[in-house]
K.L.:
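Okay, handing you the structure first.
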Amino acid sequence: MNAAAPTTVSASGLSLSYRGTRALDDVSLRLSHGVTGLLGPNGAGKTTLLRILATATPPDRGALSILGHDPGTVRGRAQARRTLGYLPQNPGFHPGFTAFEFVDYVAILKELTDRAARHAEVRRTLESVGLADVRGKRIRALSGGMRQRVALAAALVDDPGFLALDEPTVGLDPEQRMRFRELIAQAGEHRTVLLSTHQTEDVAMLCRRVVVMDKGRVRFDGTPGELTAQARGRVWSSAEREPGALAGWRTGTGEFRNLGEPPGDGELVEPTLEDGYLLALGGLTEVAA
Ligand SMILES: Nc1ncnc2c1ncn2[C@@H]1O[C@H](COP(=O)(O)OP(=O)(O)OP(=O)(O)O)[C@@H](O)[C@H]1O
């Protein structure tokens, strides 16, 4: 984490319940330029946090500042929306739209009223994600990876200073995922990006900082290296399943990889970011042991 980097987006004490389900419970966060990964199991509250930061949902409690604007006021909300881009989990494409029409539609919602300037911006944005050649194609005719790039273009149009991306690499094949990671890295060079993901590799390859959430709360906030370091001395291998391990699973070699407090004779192994993540969650949650 770069302690000197100025805060661009901040949240303090965010809470939100959906009819009795506490989706966010007193979440505070300060983001700065670069890509921050948001990891957490299903239901951790990642989408809820992103929706609040994208001003799509107001919190029950808490305060926000998006690039100096306060979405708690009507004026601040309008200003924040002009300076942010949001790639939701389900982008809600109209499949009959072409890539150009969809991004242009989002640009209209962002109040780019000058038609010629708007069209130039839509072309520029589609080109920046490598879709210049297919901008006239209907979205239904595009591959999954290309559709995700259309969604990214929609989030990037009008050059927002803050980008909230909700699981954009889900369902992509490895090659498309690499391509998409590169675009996110590029997007994070000059802006603040919050990337929600289930993939620890996304975080290891892209993020200068990682926030782990579970059950509506922040469980870890630091660099990927710090998260991995939390598992140092707490990962060991064994021939048999270890009853005392917080979590353990059989690997391809037939040995077990264990997380927790190792026995005195435990054979320690080099931790990965995933080990650090699982330990931050207190072991395996939805991953089969
Ligand atoms: N519209 C809603 N109505 C009721 N409960 C909801 C609603 N949206 C989310 N929740 C609940 O709030 C909690 C947090 O959900 P959220 O979608 O924010 O988690 P998430 O970390 O994004 O999960 P995933 O990784 O599965 O997308 C969950 O318990 C979820 O069931």
Side-chain angles (χ1 to χ4, degrees), residues 9-31 35-64 66 71 80 84-93 144-145 147-148 151-152 154-155 162-172 176-177 180-181 184 192-207 209-222 224 227 247 273-289:
V9 172
S10 69
S12 75
L14 293 182
S15 296
L16 179 68
S17 296
Y18 296 106
R19 281 184 240 105
T21 304
R22 181 153 279 218
L24 278 193
D25 186 6
D26 195 19
V27 167
S28 298
L29 204 61
R30 284 172 171 275
L31 302 178
V35 185
T36 297
L38 183 60
L39 280 174
N42 293 119
K46 304 181 300 296
T47 293
T48 303
L49 176 61
L50 259 65
R51 284 181 57 83
I52 290 174
L53 293 176
T55 77
T57 303
D60 293 337
R61 268 196 310 282
L64 271 182
I66 311 284
L84 68 84
Y86 177 39
L87 190 161
Q89 214 165 18
N90 301 302
F93 295 122
R147 281 184 205 190
Q148 277 305 71
L152 182 63
F162 170 50
L163 205 54
L165 308 176
D166 200 349
E167 295 188 34
T169 58
V170 82
L172 300 185
Q176 291 277 7
R177 209 156 52 227
F180 210 85
R181 281 184 188 136
I184 296 170
T192 301
V193 179
L194 185 59
L195 167 73
S196 157
T197 179
H198 282 286
Q199 314 255 350
T200 45
E201 309 98 274
D202 281 347
V203 173
M205 295 175 88
L206 267 176
C207 300
R209 181 170 156 208
V210 54
V211 173
V212 177
M213 284 186 70
D214 189 26
K215 300 188 179 75
R217 304 198 74 136
V218 171
R219 305 287 167 182
F220 175 88
D221 184 350
L227 185 55
L273 185 70
E274 186 144 284
D275 296 326
Y277 165 60
L278 292 171
L279 281 166
L281 296 178
L284 296 185
T285 51
E286 298 197 0
V287 187

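Whatever order the structure lists ligands and atoms in, that order sets their numbers, starting from 1. As the structure is a computational prediction, the values presented were derived from the model and not from experiment.
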K.L.:
How far apart are the closest heavy atoms of Ser28 and Val218, and which atoms are they?
P.N.:
O-CG2, 4.3 Å

K.L.:
Counting only heavy atoms closer than 4.0 Å, does ligand 1 sit against the backbone of Glu167, its side chain, both, or neither?
P.N.:
side chain

K.L.:
With a cut-off of 4.0 Å, which atoms of ligand 1 are near a heavy atom of Pro41?
P.N.:
21 (O)

K.L.:
With a heavy-atom distance limit of 4.0 Å, tell me whether Ser196 approaches ligand 1 through its side chain, its backbone, both, or neither.
P.N.:
neither

K.L.:
Find all atoms of ligand 1 within a distance of less than 4.0 Å from any non-hydrogen atom belonging to His198, and give their numbers and elements.
P.N.:
25 (O)

K.L.:
Are Thr48 and Leu14 close enough that some pair of their side-chain heavy atoms sits under 4.5 Å apart?
P.N.:
no

K.L.:
Kindly indicate whether the side chain of Asn42, heavy atoms from C-beta on, has any atom under 4.5 Å from the side chain of His198.
P.N.:
yes

K.L.:
Just so I know, are the side chains of Asp214 and Pro41 near enough to count as touching, which here means a heavy-atom distance under 4.5 Å?
P.N.:
yes

K.L.:
So which heavy atom in the protein is nearest atom 26 (O) of ligand 1, and how far is it from that ligand atom?
P.N.:
Asn42 ND2, 2.8 Å

K.L.:
Under 3.5 Å, is there a donor-acceptor pair between the Ser196 and Asp166 side chains?
P.N.:
yes

K.L.:
Where do Leu53 and Ile66 come nearest, in terms of heavy atoms and distance?
P.N.:
O-CD1, 3.4 Å

K.L.:
Any idea which protein heavy atom is nearest atom 12 (O) of ligand 1, and the distance to it?
P.N.:
Ala23 CB, 3.4 Å

K.L.:
Check whether any side-chain heavy atom of Gln199 sits under 4.5 Å from a side-chain heavy atom of Arg177, and report yes or no.
P.N.:
yes

K.L.:
Below 4.0 angstrom from a heavy atom of Thr47, which ligand 1 atoms are there? Numbered from 1 as shown, please.
P.N.:
17 (O), 18 (O), 20 (P), 22 (O), 27 (O)

K.L.:
Quick one: do Asp26 and Arg61 satisfy salt bridge (Lys or Arg N to Asp or Glu O under 4.0 Å)? Show the steps, please.
P.N.:
CA-CA 8 Å; Asp26 195 19; Arg61 268 196 310 282; over 6 Å; no

K.L.:
Hey, is atom 31 (O) of ligand 1 under 4.0 Å from any protein heavy atom?
P.N.:
no

K.L.:
Would you kindly specify which portion of Thr48 sits under 4.0 Å from ligand 1, judged on non-hydrogen atoms: side chain, backbone, both or neither?
P.N.:
both

K.L.:
Is there side-chain contact between Leu152 and Pro168, with heavy atoms separated by less than 4.5 Å?
P.N.:
no

K.L.:
Starting from atom 23 (O) of ligand 1, what is the nearest protein heavy atom, named by residue and atom, and what distance separates them?
P.N.:
Gly43 N, 2.8 Å

K.L.:
So, is Ala44 polar-close to ligand 1, with some N/O to N/O distance under 3.5 Å?
P.N.:
yes

K.L.:
Specify the protein heavy atom at minimum distance from atom 29 (O) of ligand 1: its residue, its atom name, and the distance to 0.1 Å.
P.N.:
Thr21 CG2, 3.5 Å

K.L.:
If you take the nearest heavy atom of each of Lys215, Lys46, Gln89, which one is closest to atom 25 (O) of ligand 1?
P.N.:
Lys46

K.L.:
Give the residue and atom name of whichever protein heavy atom lies nearest to atom 19 (O) of ligand 1, and the separation in Å to one decimal.
P.N.:
Gly45 N, 3.1 Å

K.L.:
Quick one: look up the protein heavy atom nearest atom 9 (C) of ligand 1 and list residue, atom name and how far away it is.
P.N.:
Tyr18 CE1, 3.3 Å

K.L.:
Does the side chain of Thr197 reach to within under 4.5 Å of the side chain of Leu39, using non-hydrogen atoms?
P.N.:
yes

